Novice: 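Below: one structure in structure tokens.
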Amino acid sequence: MTPPVTLSGAVEGIVDEAVLYRLASFVGASIGVVYRTNGKQRLLKNLQGYNKAAQFTHWVILVDLDHDADCAAAFKTARLPETAPYLCFRIAVREIETWLLADRERIARFLSISLTDVPLNPESLERPTRTMVDLARKSRRSAIREDMVPRPGSGREVGAAYPSRLIEFVSDEQSGWRPEVAALASKSLRRGIDCLSKLVLKDIQPG
């Protein structure tokens, strides 16, 4: 049996890292080293270095589009017009929460909210993180509200355990996030899965 392809990766934060692990598992790959940069600017600063490494080994880079460009294609062209042969450079439109919200049924169940509260078109959201927090605020479970919604006067955008809760949702392969379902409502996720699926089929050519 052929061993799974091992991917190296670079991501902005811990939720993105969990998503990367889940997607790798979904396409039948494993994850080796992941560089979690704790911020987009640091990741972009090292982008050329990651691209050079992808001349010889399989790499995945995952970033949020935010409002840095009108679309993912424009952002990618501006930041990395020439990608190495073993690099999958993917951009979540507009934040990684978009991909999670795209599995409407499961996120509604996880947050204990009505399915009708979850947006039909997550990629149209201006601030997906804010939407996720607002949905958590409606939760019938006090633990979800306490963990994911910031305390009044805290000055925080999200609750203290917000990342932990999203990681819990992403990592549960039995009843949590379903990439194949979410991809039906998120074009950027669908393209990301296609990119990863093609990457794991590429054999490293001897230099």
Side-chain angles (χ1 to χ4, degrees), residues 4-36 38 60-64 88 90 92-123 125 128-150 157-197 199-200:
V5 168
T6 299
L7 307 172
S8 298
V11 296
E12 294 183 47
I14 57 174
V15 176
D16 309 73
E17 184 175 356
V19 169
L20 178 58
Y21 271 90
R22 182 72 183 87
L23 291 177
S25 174
F26 179 68
V27 300
S30 64
I31 295 291
V33 176
V34 177
Y35 295 90
R36 191 194 327 141
N38 298 317
V60 182
I61 298 172
L62 180 58
V63 299
D64 291 346
C88 183
R90 302 319 306 169
V93 178
R94 290 195 176 266
E95 296 169 343
I96 203 70
E97 280 84 353
T98 303
W99 292 2
L100 310 187
L101 291 166
D103 187 351
R104 297 178 66 245
E105 180 183 345
R106 288 285 177 85
I107 194 66
R109 185 186 305 172
F110 179 77
L111 295 176
S112 292
I113 61 174
S114 171
L115 177 62
T116 57
D117 287 331
V118 184
L120 288 169
N121 184 7
E123 290 198 343
L125 298 171
T129 298
R130 183 181 300 170
T131 298
M132 186 73 78
V133 170
D134 288 343
L135 292 176
R137 190 175 278 112
K138 297 179 179 182
S139 178
R140 296 183 290 272
R141 295 173 56 199
S142 60
I144 290 289
R145 297 193 303 271
E146 291 169 3
D147 287 349
M148 298 184 67
V149 179
E157 183 183 17
V158 300
Y162 176 89
S164 299
R165 283 293 187 177
L166 292 189
I167 291 170
E168 176 187 346
F169 174 62
V170 169
S171 303
D172 184 353
E173 296 192 17
Q174 298 302 313
S175 58
W177 186 54
R178 299 170 296 180
E180 71 279 16
V181 172
L184 299 175
S186 170
K187 185 183 295 185
S188 64
L189 174 58
R190 185 162 64 250
R191 288 175 174 171
I193 291 173
D194 288 346
C195 182
L196 280 173
S197 298
L199 179 63
V200 300

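This structure is a prediction, so every number in the text was calculated from the model and none was measured. The basis for the numbers below is simple: all heavy atoms, side chains too, and nothing from hydrogens, waters or symmetry mates.
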Novice: Considering residues at least two apart in sequence or located in another chain, which fulfil the side chain to side chain contact (heavy atoms under 4.5 Å, CB included) criterion with Arg90?
Specialist: Leu62, Cys88, Arg191, Cys195

Novice: Once side chain to side chain contact (heavy atoms under 4.5 Å, CB included) is applied, do any residues pair with Ser142, and if so which ones, sequence neighbours excluded?
Specialist: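 Listed in chain order: Arg145, Glu146.
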
Novice: Listed by chain and number, what are the side-chain hydrogen bond (donor to acceptor under 3.5 Å, both in side chains) partners of Glu173, not counting sequence neighbours?
Specialist: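 Testing Glu173 for side-chain hydrogen bond (donor to acceptor under 3.5 Å, both in side chains), a comparison that skips the adjacent residues, returns Ser25.
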
Novice: What residue pairs, at least two apart or across chains, pass salt bridge (Lys or Arg N to Asp or Glu O under 4.0 Å) with a residue in residues 5-14?
Specialist: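 Matches after skipping sequence neighbours: none remain.
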
Novice: Quick one: ring-ring contact (aromatic ring centres under 6.0 Å, His included) pairs with a partner in residues 98-123, sequence neighbours left out?
Specialist: Phe110-Phe169

Novice: Would you say Ser186's side chain and Ala182's backbone share a donor-acceptor pair under 3.5 angstrom?
Specialist: no

Novice: Glu95 side chain to Thr129 main-chain N or O, any donor-acceptor pair under 3.5 Å?
Specialist: yes

Novice: Would you kindly say whether Asp117 and Ser114 are connected by a side-chain donor-acceptor distance under 3.5 Å?
Specialist: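 Looking only at side-chain atoms, Ser114 and Asp117 do not form any donor-acceptor pair under 3.5 Å.
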
Novice: Mind checking what makes side chain to side chain contact (heavy atoms under 4.5 Å, CB included) contact with Val181, not counting sequence neighbours?
Specialist: Asp103, Arg178

Novice: Any donor-acceptor pair under 3.5 Å linking the side chain of Ser139 with the backbone of Leu111?
Specialist: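 Answer holds: yes.
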
Novice: Can you tell if the side chain of Leu7 reaches within under 4.5 Å of the side chain of Leu196, non-hydrogen atoms only?
Specialist: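 Yes - at least one pair of side-chain heavy atoms lies under 4.5 Å apart.
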
Novice: State which residues pass salt bridge (Lys or Arg N to Asp or Glu O under 4.0 Å) with Asp134; sequence neighbours excluded, sorted by chain then number.
Specialist: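 So Asp134 forms a salt bridge (Lys or Arg N to Asp or Glu O under 4.0 Å) with Arg137.
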
Novice: For Arg141, what residues pass the side-chain hydrogen bond (donor to acceptor under 3.5 Å, both in side chains) criterion, not counting sequence neighbours?
Specialist: none

Novice: What ring-ring contact (aromatic ring centres under 6.0 Å, His included) pairs are there with at least one residue in residues 11-31, not counting sequence neighbours?
Specialist: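 Of all non-adjacent pairs touching residues 11-31, none passes ring-ring contact (aromatic ring centres under 6.0 Å, His included).
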
Novice: Apply side-chain hydrogen bond (donor to acceptor under 3.5 Å, both in side chains) to Glu17 and list each qualifying residue two or more places apart in sequence or on a separate chain.
Specialist: Arg36

Novice: Quick one: list whatever passes side-chain hydrogen bond (donor to acceptor under 3.5 Å, both in side chains) with Arg165, sequence neighbours left out.
Specialist: Asp147, Glu168

Novice: For Pro119, what residues pass the side chain to side chain contact (heavy atoms under 4.5 Å, CB included) criterion, not counting sequence neighbours?
Specialist: Leu125, Thr131, Leu135

